[in-house]
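Below is one structure, written out as structure tokens; comments come after it.
Counting from 1, the numbers follow the sequence of the chain as shown. Source: prediction; values computed, not measured.
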Amino acid sequence: MAQPITGIVPSGGPSVGRIEPPPPAVLEGVRQRDRAALSSFFDCYFDLVHGVAYRLTGDRTAAEDLTQDVFYKVQLAAHSLDPTRDPAPWLVRITRNALYDQRRSARDRLARASTSLDADPLLRNQLRGSAPSPEDTLMRQERDTRVQAAVARLPESLREVVVLHTFLGWGHDRIAEVIGASHAATRKRYSRALTVLADMLEDLDR
């Protein structure tokens, strides 16, 4: 059994940066389905939702479709938004549920080619040295491709914790809140995801 991957996923994970939530008055407007408030809300959180959707699906077209579906569901579920809390976990839960709904209703059109995560810095293997040689660059690109393909092949329950930890930079406690699991179970799932990734990459290297 391969040991969990080290050096590929930094312990804190690259983050998109914390999005400052809109003022409570705007969030209350969203809850009341005010058109101006909804428009401001969508502008604020579009990149976050689309980024999560892309990394969960591994396909740009599917991510665009999922993002549209998420913001439609946001309007339907607006009454459940708590204007006193950060809406990011609420949005990620809606994104996860929208993806599951698509799969269950046979509208899944995802194509997980190994190149579907190209140019994604999420799991980039950091090489030492400020001026890598062409050979080092080629080896890094090949390694990146293998890692990205392996992430896309992870079971959904494992892939999502990798995405939320490395892309959003969320801690296990916040991820646990979104996926409805305990902190310990979330840490265990993340560790399991890295171990599975290690096994996949070991198989590819044989």
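Within the model, atoms CG of Asn97 and NZ of Lys73 stand 8.5 Å from one another, a figure rounded to the nearest 0.5 Å. The distance from atom CG of Leu66 to atom CD1 of Ile94, rounded to the nearest 0.5 Å, is 11.5 Å. Atom CZ of Arg192 is separated from atom CG of Leu197 by 10.5 Å, given to the nearest 0.5 angstrom. Here CZ of Arg96 is found 8.0 Å from CG of Leu164. Values are rounded to the nearest 0.5 Å. Atom CH2 of Trp90 and atom CG of Leu81 lie 4.5 Å apart (nearest 0.5 Å).
In this structure Asp47 satisfies the side chain to side chain donor-acceptor pair (under 3.5 Å) test with no other residue, sequence neighbours excluded. The side-chain contact (heavy atoms from CB on, under 4.5 Å) check on Gln75 picks up Leu38, Phe42, with sequence neighbours excluded. Taking the ring-ring contact (aromatic ring centres under 6.0 Å, His included) definition, one finds that His50 meets it with Phe46, sequence neighbours left out. Scanning for side-chain contact (heavy atoms from CB on, under 4.5 Å) contacts around Thr84 gives Asp82, with sequence neighbours left out.
Not a single donor-acceptor pair under 3.5 Å links the side chain of Arg60 to the backbone N or O of Tyr54. Side-chain N or O atoms of Thr95 include one that pairs as donor or acceptor with a backbone N or O of Leu91 at under 3.5 Å. Although no hydrogens or angles enter the test, the distance criterion places no donor-acceptor pair under 3.5 Å between the side chain of Ser191 and the main chain of Arg187.
The minimum heavy-atom distance between Tyr190 and Val162, with the atom names listed, is CE1-CA, 4.1 Å. In this structure, Ile19 and Cys44 approach most closely via the heavy-atom pair CG2-SG, 3.6 Å. The two residues Leu154 and Arg159 come nearest to each other via the heavy atoms O-NH1, 2.8 Å. Residues Tyr45 and Pro22 approach most closely at OH-CD, 3.6 Å, considering heavy atoms.
By the 4.5 Å heavy-atom criterion applied to side chains, Leu168 and Val92 are counted as neighbours. Using a 4.5 Å heavy-atom threshold, the side chains of Phe41 and Pro21 count as separate. Between Leu99 and Glu160, the closest side-chain pair of non-hydrogen atoms is not below 4.5 Å.
The salt bridge (charged side-chain N to carboxylate O under 4.0 Å, His left out) contacts involving residues 32-45 comprise nothing, where partners must be two or more places apart or lie in separate chains. Each side-chain hydrogen bond (donor to acceptor under 3.5 Å, both in side chains) pair with one or both residues in residues 21-32, not counting sequence neighbours, appears once here: Glu28-Arg31, Glu28-Gln32.
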Listing, residues 173-185 side-chain donor-acceptor contacts under 3.5 Å, not counting sequence neighbours, or none:
| unit_1 | atom_1 | unit_2 | atom_2 | d |
| --- | --- | --- | --- | --- |
| Arg174 | NH2 | Asp86 | OD2 | 2.4 |
| Glu177 | OE2 | Arg85 | NH2 | 3.0 |
| Ser182 | OG | Ala185 | N | 3.0 |

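Other residues sharing a hydrophobic cluster with Tyr72 under the 4.5 Å side-chain heavy-atom criterion for ILVMFWY residues are Leu76.
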